[in-house]
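A short write-up of the structure that comes next.
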Protein chains: 2
Amino acid sequence: MEQVKLYDTTLRDGMGGKGMSLSVAEKLSVVRALDGLGVQFIEAGFPSSNPKEAELFERLAELELKGATISAFGMTRRRDRRAEDDEALGALVGSFAPMVCLVGKSSLLHVEKVIRVSREENLAMIADSVAFCRGEGKRVVFDAEHFFDGYREDPAYALACVRAAAEAGAENVTLCDTNGGSLPDFVAAATAAVRADLGEGAAELGIHTHNDAECAVANSLAAVGAGARLVQGCVNGYGERCGNANLASILPALQLKMGFAVVSAEQLASLTQTAHYLDEVCNLASDPNRAYVGRNAFAHKAGMHAAGVAADASTFEHFDPALVGNERDILPSELAGKATIRSQAEGAGLEIDDEAATRAVERLKEREHRGYHYEAAPASFELLLRREAGVYRPLFKLESFRVVTEKRAGGVVETEATIKVEVDGERYVRVAEGNGPVNALDKALRDAIADRYPHLAEIELTNYKVRILDEAHGTGAVTRVLLDSADGEREWGTTGVSENIIEASWEALVDSLEFAFQPRPVAAERE
Amino acid sequence: MEQVKLYDTTLRDGMGGKGMSLSVAEKLSVVRALDGLGVQFIEAGFPSSNPKEAELFERLAELELKGATISAFGMTRRRDRRAEDDEALGALVGSFAPMVCLVGKSSLLHVEKVIRVSREENLAMIADSVAFCRGEGKRVVFDAEHFFDGYREDPAYALACVRAAAEAGAENVTLCDTNGGSLPDFVAAATAAVRADLGEGAAELGIHTHNDAECAVANSLAAVGAGARLVQGCVNGYGERCGNANLASILPALQLKMGFAVVSAEQLASLTQTAHYLDEVCNLASDPNRAYVGRNAFAHKAGMHAAGVAADASTFEHFDPALVGNERDILPSELAGKATIRSQAEGAGLEIDDEAATRAVERLKEREHRGYHYEAAPASFELLLRREAGVYRPLFKLESFRVVTEKRAGGVVETEATIKVEVDGERYVRVAEGNGPVNALDKALRDAIADRYPHLAEIELTNYKVRILDEAHGTGAVTRVLLDSADGEREWGTTGVSENIIEASWEALVDSLEFAFQPRPVAAERE
């Protein structure tokens with residue numbers, strides 16, 4: 001099988017995305033995760049004298065990687081000076097990184113309007129810079145910026161730029177759709193023209209696309225179809241405007257659908273986990289609808305589809321989700337019928353009779369109408385089933401709680417919660433301070449019932465999300481809270497809905513703790 | 001110019017998306033918005049006897065549309081019965097809708113495993129159902145479900161299904177990539193094969209794709225390139241799993257890049273507004289990175305790009321955003337330098353000297369580090385600039401506030417806020433109840449300062465969003481609040497960040513009100 005290599009630019013081009021800002025430690029986590037996935041090249045950014053970048057390159061130099069090569073990014077030399085005298089190129093070749101990626105212009109419009117040099121000087125800037133880096137012992141990738149726009153305006157000049165880089169010793173020339181507006185047919189035709197112009201045996205071709213026309217993945221695949229053997233992008237498609245090409249979609253297409261060798265089967269099976277982990281490091285919510293790796297990517301909702309999947313999964317799935325480490329999911333939802341409810345109950349080890357299943361369907365509908373969503377809160381859904389099946393055990397009886405938040409001029413905000421509950425006939429009154437109302441309430445509740453439930457100490461709230469459901473109603477809208485919890489063995493999600501954020505949080509909190517203490521034959525929950 | 005028509009299925013296939021649930025009134029709003037955009041066909045769902053669907057069709061029948069045709073959706077007849085005796089087909093032809101879309105199988109795997117009829121009976125089901133609906137005076141679109149998978153398994157049978165529909169009188173046969181796993185080259189080849197098999201003059205072809213391989217847009221365009229003249233999908237790509245093909249990306253590509261006539265230039269210029277409006281009706285947050293219509297789609301952050309755009313927008317934009325009703329945006333951000341700060345200040349009508357600009361850059365960096373994001377909160381950003389430029393005017397002086405939330409067993413939660421402030425040397429103490437802590441605080445504050453600022457009554461909080469920044473720390477993480485406000489003339493966004501959600505909300509609230517009362521020469525703010 002022919003090989004296609006991946007080149008991830010999350011730490012450089014990806015950082016242009018809104019909300020992207022990573023510490024050195026987080027950048028190292030990204031590198032380790034990409035290396036584990038089998039990404040061949042990882043672009044780390046520009047090795048400038050900026051202390052943060054300097055520290056990153058220092059620590060990268062010491063990092064032991066399984067297979068990835070670190071690439072340092074820079075521009076071709078400035079005009080009217082020798083490459084040897086260009087400080088930025090000096091910093092590039094001075095870095096430990098065995099590979100450099102040099103970006104240069106390949107569009108006449110940019111040569112004339114943006115950098116304002118002659119067409120000959122631009123070609124010299126490319127050739128000199130590549131030759132200089134090669135002479136300093138670096139492997140060189142040349143990024144032909146705005147190549148496709150340049151090829152549209154003046155194909156001969158765009159090809160000349162690519163040739164200049166290849167002839168000066170670049171091992172790879174990557175064609176960039178920098179503005180992201182090209183469509184696949186054109187990308188394929190232009191890539192094939194470059195391949196023909198360079199001839200076989202010359203530099204390898206790469207592709208670098210952006211998603212401004214929602215075609216970045218297809219454009220990357222089209223270029224590979226026309227001869228490119230390296231794909232630049234970001235796992236999860238991070239980046240400025242509409243993002244870079246999403247390597248998490250390109251990798252499985254290349255390997256499972258187009259027959260190229262990219263990473264090992266084990267590495268491919270870690271794709272979903274890696275993609276979600278990277279979102280976590282970048283502090284972004286994972287898009288549940290993302291291709292291949294999204295939580296909904298293999299979620300079957302409507303009755304007919306769910307039935308088809310039960311008969312033969314290949315009828316409604318384009319491939320086995322396990323190959324990318326994702327999994328099938330049949331959702332509780334408004335469209336669910338009694339059959340789904342019963343199979344969900346079975347999964348939770350509950351026996352539920354026909355009448356209870358009917359009640360559960362009704363209850364589910366009524367609650368979804370009020371804004372509940374159980375898809376990310378299967379533990380709350382199980383509690384709903386348990387109540388209808390008559391096997392629900394409450395943890396405690398609430399007498400009352402009170403949460404007070406106070407602020408004085410110039411002072412910090414202070415929050416305390418008082419709670420009064422009864423467990424097995426005994427009354428507990430507790431107060432706790434917290435860094436927010438929900439945190440204070442959580443602490444007070446735990447303090448109140450900890451004597452009776454020592455296992456509580458092992459339960460940690462791992463994730464707290466708030467969604468305002470009817471955003472158009474300002475601060476008077478309905479709030480949905482999602483809470484993830486874990487006890488070292490299992491993870492579970494719960495939910496609460498109310499106009500009052502404290503009440504919604506309280507509901508999710510109580511569900512979280514109650515779920516942990518329900519009597520059950522086997523412990524087999526997954527979020 | 002050749003015409004391509006759009007067929008939106010938000011109200012049918014789009015409703016399979018997680019979180020999608022619309023009332024009859026909301027569905028009518030969707031229909032009006034799609035009609036305004038110039039979408040030619042709008043699929044309304046199945047006209048069943050279910051009261052909600054019945055009401056929808058009743059009200060649709062009375063709706064005056066500018067140009068769109070309503071289509072009713074249903075399946076081919078059940079096996080072993082005449083089309084005339086099939087109740088579902090009866091409901092379809094009984095509806096007012098002038099067009100019906102019949103979905104039928106075109107994959108042998110599905111014929112054999114899912115509906116379990118003979119290959120001949122499936123062909124008869126298609127032909128009978130189409131002919132019956134035609135006989136009842138309906139225009140018929142036939143959706144060849146799983147066509148591309150079927151064509152991969154057994155091209156002759158897949159083609160026979162399409163022919164059966166075309167010969168029975170379907171005006172359009174739409175080829176469906178139901179599982180969404182096909183790639184553009186294959187879609188183009190299979191579509192071209194159908195076109196050749198049917199011959200010119202026979203039924204028009206349509207395309208219906210899903211985004212499971214992140215190629216739904218490219219697949220739709222590939223099919224049009226191979227002869228399809230109708231594209232099914234959803235504006236914004238709503239739908240089960242990874243969604244349907246996104247018509248908001250397909251429309252501008254067809255019209256601006258491929259030279260087809262789809263809608264008028266005025267309609268195209270309403271695309272961004274329509275896409276955002278539909279998200280609002282569906283109660284979904286608009287993805288800011290969406291192609292063409294996303295808030296970030298033409299946002300330039302990094303220095304070089306912003307400079308290029310200033311020189312000639314076509315250097316860094318694939319087309320003029322005004323054509324789809326979007327606009328260019330240069331963002332405040334960590335990467336912003338003094339030049340950007342000064343241009344932002346100018347935009348707000350502020351004079352800011354070099355020293356103040358330097359301080360603003362520092363302050364911005366420090367705040368972004370703590371979790372602030374000013375991209376959606378330009379009003380808070382302006383207040384930051386004002387503080388550094390020395391033209392900030394506080395509204396009031398806070399002495400203290402206290403928010404109390406109480407709950408008793410079985411009772412509703414009650415919340416009240418007490419606030420003590422000073423305005424122009426006078427002290428105001430007020431208390432208010434609210435349906436949540438932020439709502440109570442908002443009411444109490446307004447009550448306290450309303451005498452001094454009567455314009456307050458016109459300011460409405462239109463949108464309140466909460467984001468937990470470090471989700472991995474449970475209820476102890478940092479909270480970012482975004483608040484949108486409007487006074488009938490302008491809209492503005494503010495933000496607050498704190499470990500305590502009440503403090504974060506308070507900060508955004510105070511910014512919102514203060515922004516409205518800052519002295520300014522001209523009123524020219526946009527969010």
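Below, all heavy atoms of this structure are taken into account, side chains as well, without hydrogens, waters or symmetry copies. Each chain gets a letter, A, B and so on, in the order the sequences are listed, and its residues count up from 1.
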Item to check | Residue among B:V404, B:L441, B:I419 with most heavy-atom pairs under 4.5 Å to chain A | outcome: B:V404
Next on the checklist: Looking only at heavy atoms and a cut-off of under 4.5 Å, which of B:G239, B:C242, B:A222, B:A409 has the most pairs with chain A?
Outcome noted: B:C242
Checklist entry - What residue, out of B:P184, B:S485, B:P437, B:G294, has the most heavy-atom pairs lying under 4.5 Å from chain A? => result B:P437
Checklist entry - Could you state the interatomic distance from CG (B:N289) to CG (A:D287), rounded to the nearest 0.5 Å? => result 10.0 Å
Checklist outcome for this item: Interface check, chain A: of B:C215, B:A297, B:S249, most non-hydrogen pairs under 4.5 Å belong to B:A297
Item to check | B:D279/B:R290 ion pair, N-O < 4.0 Å | outcome: yes
Checklist entry - Charged N to carboxylate O below 4.0 Å: is that the case for A:E414 and A:K407? => result no
Checklist entry - What residue, out of B:H110, B:K420, B:K397, B:R408, has the most heavy-atom pairs lying under 4.5 Å from chain A? => result B:H110
Next on the checklist: Students often mix this up, so state it plainly: with edges at 30° and 60°, are the rings of B:H318 and B:F298 parallel, tilted or perpendicular?
Outcome noted: parallel
Checklist outcome for this item: Honestly, the part of A:E214 sitting under 4.5 Å from a heavy atom of chain B is both
Next on the checklist: I need the residue from B:V413, B:L221, B:N211, B:D149 with the largest number of non-hydrogen atom pairs under 4.5 Å to chain A.
Outcome noted: B:V413
Next on the checklist: Tell me whether the rings of B:H146 and A:F316 are parallel (<30°), tilted (30 to 60°) or perpendicular (>60°).
Outcome noted: perpendicular
Item to check | Side-chain donor-acceptor pair present, A:N435, B:N500, cut-off under 3.5 Å | outcome: no
